[in-house]
Amino acid sequence: MMIEIKNSIIKSVNDVLSALSYPEKDYTLTPPKKSKFGDLSSNIALLLAKDLKRSPMDIAKLIADKLKSDFNENISNISVTNPGFINFKINDDYFRSQIKLILNSSSQYGKGNIGNSKTANVEFVSANPTGPLTVGHGRNAILGDTVSNILEWQGYEVTREYYFNNAGRQMRILAESVEARYFELLGEDLNMPQDGYQGDYIIKIAQNILDVEGKELEHGTDIFKVTAEETMFNKIKNSLKNLEIYFDQFTNEKTFYENGDIDTFMNELRDKDLIYEKENATWFKASSLGKTQDKVYIKSSGEPTYRVPDTAYHRDKIKRDYDLIIDVFGADHADAYPDVIAALEALGHNTNHIKILIYQFVTLLRDGQKVKMSTRKADFVSLDDLIDQVGIDVVRYFFIMRSMNSHLDFDLDLASDQSDKNPVYYLQYAHARICNIISRANDLEFALDDGFDPSYLRHDEELNLLKYMVRFPEFVNIAYENLEPQNIANYLQELSARFHKFYNSCRVITDNMELSKSRLAIVKAAKIILANGFNILGISAPERM
RNA sequence: GCCCUCGUAGUUCAAUGGAUAGAACAAGUGCCUCCUAAGCAUUAGAUGCAGGUUCGAUUCCUGCCGAGGGUACCA
């Protein structure tokens, strides 16, 4: 692995530094952007220049000379370039030797072991079942699922969890909206609650209740709420299924009222003098924990705010003893979680293993105008419609190729137009091309079984492809450390570009049997990496397009 | 007002504090007797403004301008 060479160079550099009595620095050793600077490059001399009061170039040359006297067998050249970088060129044979490793590791290539025998909980989507999932929820769903995949690639056992509020105001209004439609269907005047849900799907639920239960239902019966929740949840689960997202656990806030966790939690905060009454409401004294303002915990209406069950829920997750707890929230929740964390810490819980991922909103454009999405006003674009229009791979890739921090624009009018040009096809096409080559080779009875000689791979484009292939584990790890899926999307984009270039200048199936076998090996290895990357991103690896 | 995120090419987005800021779409020009042209090659085009830290800033800090989100009883 690349990491071994890196470590051996770092050790050599450190030996030289101590031999010269140079101070320790937190220097880098990374692949430079331009291949002419070699395969690994260090800034150590630049960092030492000030302390040593010498020019970085002089220092770099001195260190490079010392390093050359103790040559690592995998290093073919060490050079110094302005303004003072030390560049290492790795033997091509080293890269060539990696093909066999990739072929042998196959679907395991790129996996890490950081999460071995560890557990993680990823909470995402968590939309209340008051309406269909929207395009906005799509970003959350795909981000959460992909982050889960990334953790699984590091060995974590991941629980994908969906948390929803079914005891609060929103669900009450949903039930009232359905009830209003039910009695409207029976000929009464429409009596929508204030802030009622306007969507047509409410009427369908009411009609369904009418068909099943008849017209004798009384005002205020539970059936409206129960049926509405169940209907919406089935719809949501179906939308998620369309994206191939499956949850291990659904948790609702009612649980924590019923099992007494919320009472316990409130009492403990009260004991710590963090709860007080004011203006008919019950307050959490967040200000005494360093927050800017206190928060309402129980409204004057008697209903708790979402913070209360949310905090009890997070406490429950902590008690379930995960090594890592991740929440995926939209930017509108950015202000809420610090209070939850503060309350948990006040109760003596360690929260260092809780990571909150905040993603920015998707701005939808229709006819060049921004569309303000509102489930309540039924002004939204459903995730299902989008998937129908462009397909799962395009939707997943679209949301993953951008950083969660970017406020991205999504032009609905261009969505299907752009779907033909979506970059995901560029990646998948590389995979399909390889599959085609392999099937051609099989027809011609090329066999890899009797081995191949990697030294035939001498073309610039072969090495260019190969050198990037071996960096796959590195990028999988970067994506894990940042919890940023787009690192992998970017990698696959560049890998595909290098493959397509290779494809254009190197024929795999030729008259030269030995060369062909070697090239067949490298494209099979490339196919493995593409497929593994697609696997993490949750997109398909088509054999033909 | 205050807090969070963002501002990069005509457009949508990339870029662990590094070397000549990358793609895609849109625009221009080439390449299919040859494993799929959903491709390759090639031209043009960008870091909001003003300071600061640093050998080096798209990246870190301050101010301003602009966008999105939040802001004590929606979640």
Check your understanding: For the side chain of A:F361, counting heavy atoms from C-beta on, which of B:G68, B:A75, B:U16 is nearest?
Key -> B:G68
**Study point:** Spacing of A:R471 atom CZ relative to B:U16 atom C1', expressed in whole Å
**Key:** 11 Å
Practice item. Tell me whether the OP1 or OP2 atom of B:C40 has a side-chain N or O from A:Y426 closer than 4.0 Å. Key: yes
Point to revise | Phosphate OP1/OP2 of B:A14: any A:S406 side-chain N/O under 4.0 Å | key: yes
Review point. Picking from A:T510, A:N504, A:D511, what satisfies side-chain contact (heavy atoms from CB on, under 4.5 Å) with A:R507?
Key: A:T510
Exercise for review: Considering just the side-chain nitrogens and oxygens of A:R433, establish if one lies under 4.0 Å of OP1 or OP2 belonging to B:A37.
Suggested key: yes
Review point. Do NZ/NE/NH1/NH2 and the carboxylate oxygens of A:R172 and A:E303 come within less than 4.0 Å?
Key: yes
Check residues 484-496 of chain A and write down every donor-acceptor pair under 3.5 Å in which the side-chain atom is one partner and the other belongs to a residue at least two apart or another chain.
| unit_1 | atom_1 | unit_2 | atom_2 | d |
| --- | --- | --- | --- | --- |
| A:N487 | OD1 | A:N482 | ND2 | 3.3 |
| A:N490 | ND2 | A:Q486 | O | 3.4 |
| A:Y491 | OH | A:Y468 | O | 2.8 |
| A:Y491 | OH | A:M469 | O | 3.3 |
| A:E494 | OE2 | A:R498 | NE | 2.8 |
| A:E494 | OE2 | A:R498 | NH2 | 3.4 |
| A:S496 | OG | A:L492 | O | 2.7 |

Check your understanding: Got a sec: does the CD of A:E277 have more than 12 other heavy atoms crowding it under 6.0 Å?
Key -> yes
Point to revise | Proximity to the side chain of A:Q293 - top-ranked nucleotide from B:C35, B:A72, B:A19 | key: B:A72
Review point. Looking at A:K225 and A:E229, does any basic side-chain N land under 4.0 Å from a carboxylate oxygen?
Key: no
**Study point:** Side-chain-base donor-acceptor pair under 3.5 Å for A:K36 and B:U20
**Key:** yes
Check your understanding: Counting only side-chain N and O atoms of A:Q493, is one of them less than 4.0 Å from OP1 or OP2 of B:C13?
Key -> no
Check your understanding: Does the side-chain ring of A:F85 lie flat on the base of B:A19, meaning centres under 5.5 Å and planes less than 30 degrees apart?
Key -> yes
Practice item. Identify whether the distance between the nearest side-chain nitrogen and carboxylate oxygen of A:D39 and A:K467 falls below 4.0 Å. Key: yes
Revision key, fill the gap. With both pairing distances under 3.5 angstrom for Watson-Crick or G-U wobble, and | for a partner in another strand, the correct string for RNA chain B is (((((((..((((....[...)))).(((((.......)))))....(((((..]....))))))))))))....
**Study point:** Phosphate-side-chain proximity, A:K421 and B:C25, N/O vs OP1/OP2 below 4.0 Å
**Key:** no
Check your understanding: Do the side-chain N or O atoms of A:K295 get closer than 4.0 angstrom to the phosphate oxygens (OP1, OP2) of B:C73?
Key -> no
**Study point:** Donor-acceptor pair under 3.5 Å, A:S41 side chain vs B:A19 base
**Key:** yes
